[in-house]
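Down below is the structure, laid out as structure tokens.
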Amino acid sequence: MEAPPVTVMPVTGGTINMMEYLLQGSVLDQSLESLLHRLRGLCDNMEPESFADHELVYLLKGQQGNPFMLRARRSLLHPTAPWHLRYLGQPEVGDKSRHALVRNCVDVAASHSLPDFLNEMGFRMDHEFVAKGQVFRKGAMKVVVSKLLRVLASGNTENTEPMSLSYLVELSILAPAGQDTMSEDMRSFAEQLKPLVHLEKIDPKRLM
Amino acid sequence: MSGGPAVRVSMESQCERQVQEVSLDGLETYVPPLSMSQNLAKLAQRIDFDQSSDSEQESREPWSALKFQPSLWPWDSVRNNLRSALTEMCVLHDVLSVLKDKKYMALDPVSQDPSTPQVFQLISKKKSLATAAQLLLKGAEKLTKSLAENQEQRRQRDFNSELLRLRSQWKLRKVGHKILGDLSYRSAGSLFPHHGTFEVIKNTDIDLDKKVPDNYCPLNVQIPSDLEGSAYIKVSIQKQSADIGDLGTVSLFRRQPKAKPGSQMWHLKLEAAQNVLLCKEIFAQLSREAVQIKSQIPHIVVKNQIISQPFPGLQLSISLCHSTGEKKIQRASPDKSKPDDHLYVLEHNLHQLIREFHKQTLSSVVMPHPASSPFGHKRLRLAGPMAYDKAEISSLQQSEGLLEKIIKQAKHIFLRSRSIQLQLNIGVEQIRVVHRDGRVITLSHQEQELQDFLLSQMSQHQVHAVQQLAKVMGWHVLSFSNHVGLGPIESIGNASAITVASPSGEHAISVRNGPESGCKVLVQFPRSQAKELLKSDVLQEGRWTHLRGPYREVHWGRMEGRNFVYKMELLMAALTPCP
């Protein structure tokens, strides 16, 4: 049986096309405390929310083109919460003046049989990692400060080691397609974090 | 020189002998002069005999050049000096004598400073004073400059300390060279799209020379123009419906809230603006719900007023009263609405409800786990995997809106105000009971007293209910007594009794209700219906049979009906024959 064809059409999630606006940056371990303080003050007044997630990246290799990638993520702190399946499209090549990285995003909540389902569909797990950190929120903006840990033995999330001596900081907004005002709010928020962390648009294609 | 007369010069040798000693009385003792032989010996000692024999031939030649004058005598140099002095003096004398004639020679004075010593002193004093004055002036200038700087610094420091105080209570951030602040509730969970930004400006219109006013503040805040003034939400219940023309004209205003002592002007301004913003949000939410939610009697939204009818004949009006404070407040109808028409409780509840709503958006229930999933209620995230249908999803959504909740509360208030008979004031030592008809009763701490009192009130209330029911049903009250003196004595309070007659007069109901003895209901039937009727020859005409006769007791416990009022209503209905 030949491999199923990989679609090259844009993927949409139902009727509403959601876009993810993203800015990324990083801080060293020793500067983490001051960044968390700053975020605590700037973001909505809530108790800081910690998380520990295990993410698996699945690839579907077709004969032609790039492999299709899906990200499956589960919470280690809330084992009964549903899995989260995410598709992220290519970054939109809009005008250069747009401050954030914009890409198509499809989010699906899934039951705990997701890994088996994906395996049956033909996806193969490419890599996995554990992310631990805190989530902040300001209105519709989400700030995630996470430490990425390498999983040493596949499937065993207890045995992990940090990938680097720094924390990844991501500022993101999920909005329907067409609303461009978000990037302005994101830019002004990023300005307020300026000396501690520089959040900028990082094109993933340039890293490869 | 040699022509003049000889000048006699007298000379005297000085007694130049060394002083050996000066005695205490001033007598000097000289060293005795050397005698001839001593002098010779001294001179001989000076002769170097060795040298003279060797260098005799050598030193003869330079000596031969020197001519000896045989007539050289020791006073020669003296004489020469004197002579030259005489010459000089003679010349001087000659010159002076020539000058005296002024014919051949004149004296020309050497050019000197024409000012006299006094003028010179004045000028020098002036100069020195000028230098001193300049130094003093320079010093004074420095002092004034430093003083001005100090005052400016103090004003700056005041501004900075005031800014610090402002920052301790409000959110501020610096954008460029402006200081902006946020007075909205967005960081507390509100989703109202108003920006709520205010600007902090330095108050520079102060004259340092004049006295600083007491309420001077180096800081001033500029709030958005649509949040100026103050506002409140007015909730009122009216029995009659207002005229159509009166809708949307509610703009009465109550007194300004008193400023707390010590609170700065900017604080009051910002608080008022924040309150206006919250009232606007509440009204926007209410009006949105009023339009969207379908109800039996549609709600009317007119300008700044929402009108709904919770009960027929009862009107609930919610209005946003915003006064900017500048223009005169137009009084819509000052005589119609009374000050106690305003239900402050519901206004407070509206504020609390909107804050609850804010808190819900911030609760940790909304936070995503895993972190990459979007914000949303955690139970709603299960809708996909658990395949919820529409009914389940809608049950997860917020059930009631703000408007429905407020209408329910208004209904409750209305019913309570209709049915409340007494009001309990529970104090520290005693309980004070205020009855609806104005009686005030003070009870002690023993709970039995309160219990007894409530029981007695209940029994009285039942009798009152009969009275009200009679009015409604058209029965006539024949007698009514709160404290009857007949029958068994109650240990708690007094029994009360009422007698009502049917509209036709044929039947009558007597009720005696006591806290202890319970309820006793008797019905009076017309004589014609009584079974055991004694025939009497006093009453001869038949019309007397229509009069009411004997009483019969009703088994109240077996009577149909959920409560006393239902039972009484049923009894009355049963005794009223249909026409």
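- Within a 6.0 Å radius of NZ in B/Lys269, more than 12 heavy atoms belonging to other residues, nucleotides or ligands are found.
- The CH2 atom of A/Trp83 sits 15.5 Å away from the CZ atom of B/Arg381 when rounded to the nearest 0.5 Å.
- Heavy-atom distances place the backbone of A/Ala140, and not its side chain, under 4.5 Å from chain B.
- Contact annotation for A/Leu85: neither backbone nor side-chain heavy atoms come within less than 4.5 Å of a heavy atom of chain B.
- Within a 6.0 Å sphere centred on CD of A/Glu120, heavy atoms belonging to other residues, nucleotides or ligands number 12 at most.
- For B/Ala188, no part lies near chain A; criterion is any non-hydrogen pair under 4.5 Å.
- Neither the backbone nor the side chain of A/Glu20 comes within less than 4.5 Å of any heavy atom in chain B.
- Annotation: side chain of B/Ser372 is in contact with side chain of A/Arg73 (closest heavy-atom distance under 4.5 Å).
- With respect to chain B, the highest number of heavy-atom pairs below 4.5 Å among A/Arg74, A/His54, A/Gln134, A/Arg137 belongs to A/Arg137.
- B/Lys171 touches chain A through its side chain: at least one heavy atom from C-beta onward sits under 4.5 Å away, while N, CA, C and O do not.
- Side-chain contact between A/His84 and B/Pro374 is present, with at least one heavy-atom pair separated by less than 4.5 Å.
- Within the 4.5 Å cutoff, side-chain heavy atoms of A/Glu49 are placed close to those of B/His369.
- Between A/Lys142 and B/Pro368 the shortest side-chain heavy-atom distance falls below 4.5 Å.
- In this structure, B/His195 places its NE2 atom where more than 12 heavy-atom neighbours from other residues, nucleotides or ligands lie under 6.0 Å away.
- The number of heavy atoms from other shown groups lying within 6.0 Å of CZ (B/Phe375) is above 12.
- When all heavy atoms of A/Val135 and B/Met367 are compared, the pair lying nearest together is O-CE, 3.6 Å.
- The two residues B/Pro385 and A/Ser111 come nearest to each other via the heavy atoms CB-N, 3.8 Å.
- Looking only at heavy-atom pairs under 4.5 Å with chain A, the residue among B/Ala383, B/Ser373, B/Gly384 that has the most is B/Ser373.
- Using a 4.5 Å cut-off between heavy atoms, A/Ala81 contacts chain B through its side chain alone, with no backbone atom that close.
- Few gaps surround NE2 on A/His112; more than 12 heavy atoms of other groups in view lie less than 6.0 Å from it.
- A donor-acceptor pair is defined here as one N or O able to donate and one able to accept, closer than 3.5 Å; such a pair exists between the side chain of A/Asp53 and the backbone of B/Ala371.
- At most 12 non-hydrogen atoms from other residues, nucleotides or ligands lie less than 6.0 angstrom from NZ of B/Lys378.
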